[in-house]
Amino acid sequence: MFDSRTAKPVVVGIDGSATSIAAAEWGIKEAIARDVPLRLICVMKSKHPSSDDYYRDIHHAEESLRFAQAAVDAAGTFVKTETAILEGPPAAVLVEESRDAALVCVGSVGIGQYARSILGSTAAELAEKACCPVAVIRPRGFPSSHDIDWIVVAVTDKPDSDAVVETALTEAELRRAPVLMLGNRDGLEQRAKQCGQRHPGVHIYPITEGACVAGFLKKHDERVQLAVIGATEAGQLAHIIGPHGHRLFNHTQSSTLIVR
């Protein structure tokens, strides 16, 4: 049983959008796996030109949290849930929340000019500055009968590579998904075999096309549910998430987990 006074929660940024609801739903398994609360946060601006503007803002925040709580309850899996309305710039508030969180989840429809939600425009900043892992969750479509929902990770020479790969395999177990393990030819198959021995329920497929997740996604159109990268690769987020609805981008439904 967790101690709510000490357990670091899984924090989810809520802004009333469908993508933030998807982030809340995605975070349920993360909170249950860690045996910690799911903390739903709605951020409102700290200054209002009038009392009417303030009441509109607080009403929107309360409604957004109610919808998110209802979605969590509808999932049918018990998880302790906390809610809070905080004030300030969304990215700064969520970065501060990350100091005492196990994971921060936000929804995003894209990066840059294509972003439609408040949280979508803060995803890159949060990915680079957060003090804990960050999950950027994209809207999910309906898979066809032949689709496979892959998890993608790269074996690199960076110091955090082992932790990134292990996190990807843990996510694969949690979500019952197969893994595409990217890397250079030397030793990749042996690495995949060793990982398979530690995680016997996960199907791991080594791909010797280089250790770059963003590059792989650019060239291939396999259905990817989650790309797992390290904090040193957070700058790749815009290339992995891509712009919403861009006709040249294959992976408009791929979410990203930044490990730190």
Side-chain angles (χ1 to χ4, degrees), residues 2-32 34 36-140 241 244 255:
F2 64 78
D3 185 343
S4 61
R5 296 169 298 178
T6 59
K8 291 187 174 184
V10 170
V11 172
V12 183
I14 300 296
D15 66 353
S17 67
T19 52
S20 71
I21 298 298
E25 293 170 336
W26 194 89
I28 293 171
K29 285 186 177 181
E30 301 294 334
I32 291 173
R34 292 168 171 79
V36 300
L38 186 68
R39 179 169 165 82
L40 307 177
I41 299 293
C42 193
V43 183
M44 55 185 280
K45 55 183 181 284
S46 54
K47 295 182 179 180
H48 298 81
S50 67
S51 59
D52 286 346
D53 186 65
Y54 169 79
Y55 285 117
R56 279 193 298 269
D57 210 5
I58 195 72
H59 176 73
H60 173 75
E62 290 171 345
E63 282 290 289
S64 298
L65 288 174
R66 274 197 289 271
F67 281 128
Q69 180 69 68
V72 171
D73 292 342
T77 306
F78 175 76
V79 58
K80 181 177 174 60
T81 308
E82 307 168 351
T83 62
I85 299 173
L86 304 178
E87 297 182 355
V93 170
L94 289 170
V95 168
E96 184 62 29
E97 282 286 310
S98 76
R99 297 181 185 279
D100 194 34
L103 172 71
V104 176
C105 305
V106 294
S108 178
V109 294
I111 297 296
Q113 62 178 316
Y114 297 92
R116 295 180 180 174
S117 71
I118 294 173
L119 292 175
S121 66
T122 72
E125 183 177 352
L126 181 63
E128 293 180 0
K129 296 182 179 179
C131 302
C132 70
V134 173
V136 182
I137 306 303
R138 297 300 308 273
R140 298 294 291 162
I241 293 295
H244 172 74
S255 299

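This structure is a prediction, so every number in the text was calculated from the model and none was measured. All residue numbers in this chain count up from 1 along the given sequence.
Of all heavy-atom pairs between A102 and C132, the closest is O-CB, 4.1 Å. Closest heavy-atom contact between S17 and S20: O-OG, 2.9 Å. What you find for A71 and E25 is that their closest heavy atoms are CB-OE2, 3.8 Å. Nearest heavy-atom pair, S255 versus I137, reported as atom, atom and distance to 0.1 Å: OG-CA, 3.3 Å. Contact between L65 and A84 at its shortest, heavy atoms only, is CD1-O, 3.7 Å. Across all non-hydrogen atoms, the minimal contact from A68 to I21 is CA-CD1, 3.5 Å.
Using a 4.5 Å cut-off on side-chain heavy atoms (C-beta onward), R39 and E97 make contact. A heavy-atom distance below 4.5 Å is found between the side chains of E62 and I85. Within the 4.5 Å cutoff, side-chain heavy atoms of C105 are placed close to those of V10. You'll find the side chain of D57 reaches within 4.5 Å of the side chain of H48, heavy atoms only. Between T19 and R138, every side-chain heavy-atom pair lies at or beyond the 4.5 Å cut-off. L40 places none of its side-chain heavy atoms less than 4.5 Å from the side chain of E82. With contacts defined as side-chain heavy-atom distances shorter than 4.5 Å, the pair V43/E87 does not qualify. The shortest side-chain heavy-atom distance between Q69 and T83 falls under the 4.5 Å cut-off.
A distance of 11.5 Å separates SG of C131 from NZ of K129, quoted to the nearest 0.5 Å. In this structure, M44 CE and D53 CG are separated by 8.5 Å, a value rounded to the nearest 0.5 Å. Note: F78 CZ to I28 CD1 = 12.0 Å, rounded to the nearest 0.5 Å. Atom CG in L103 sits 10.5 Å away from atom OG in S98 (nearest 0.5 Å). With rounding to the nearest 0.5 angstrom, the CD1 atom of I14 is 12.0 Å from the CZ atom of F67.
For the side-chain contact (heavy atoms from CB on, under 4.5 Å) with L94, the lone residue among V134, L86, V12, V106 that qualifies is V106.
Checking S50 against D52 by side-chain atom types alone, no donor-acceptor pair falls below 3.5 Å.
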Next on the checklist: side chain to side chain contact (heavy atoms under 4.5 Å, CB included) for D15 and C42? Distances and angles first, verdict last.
Outcome noted: CA-CA 6 Å; D15 66 353; C42 193; 5.6 Å; no
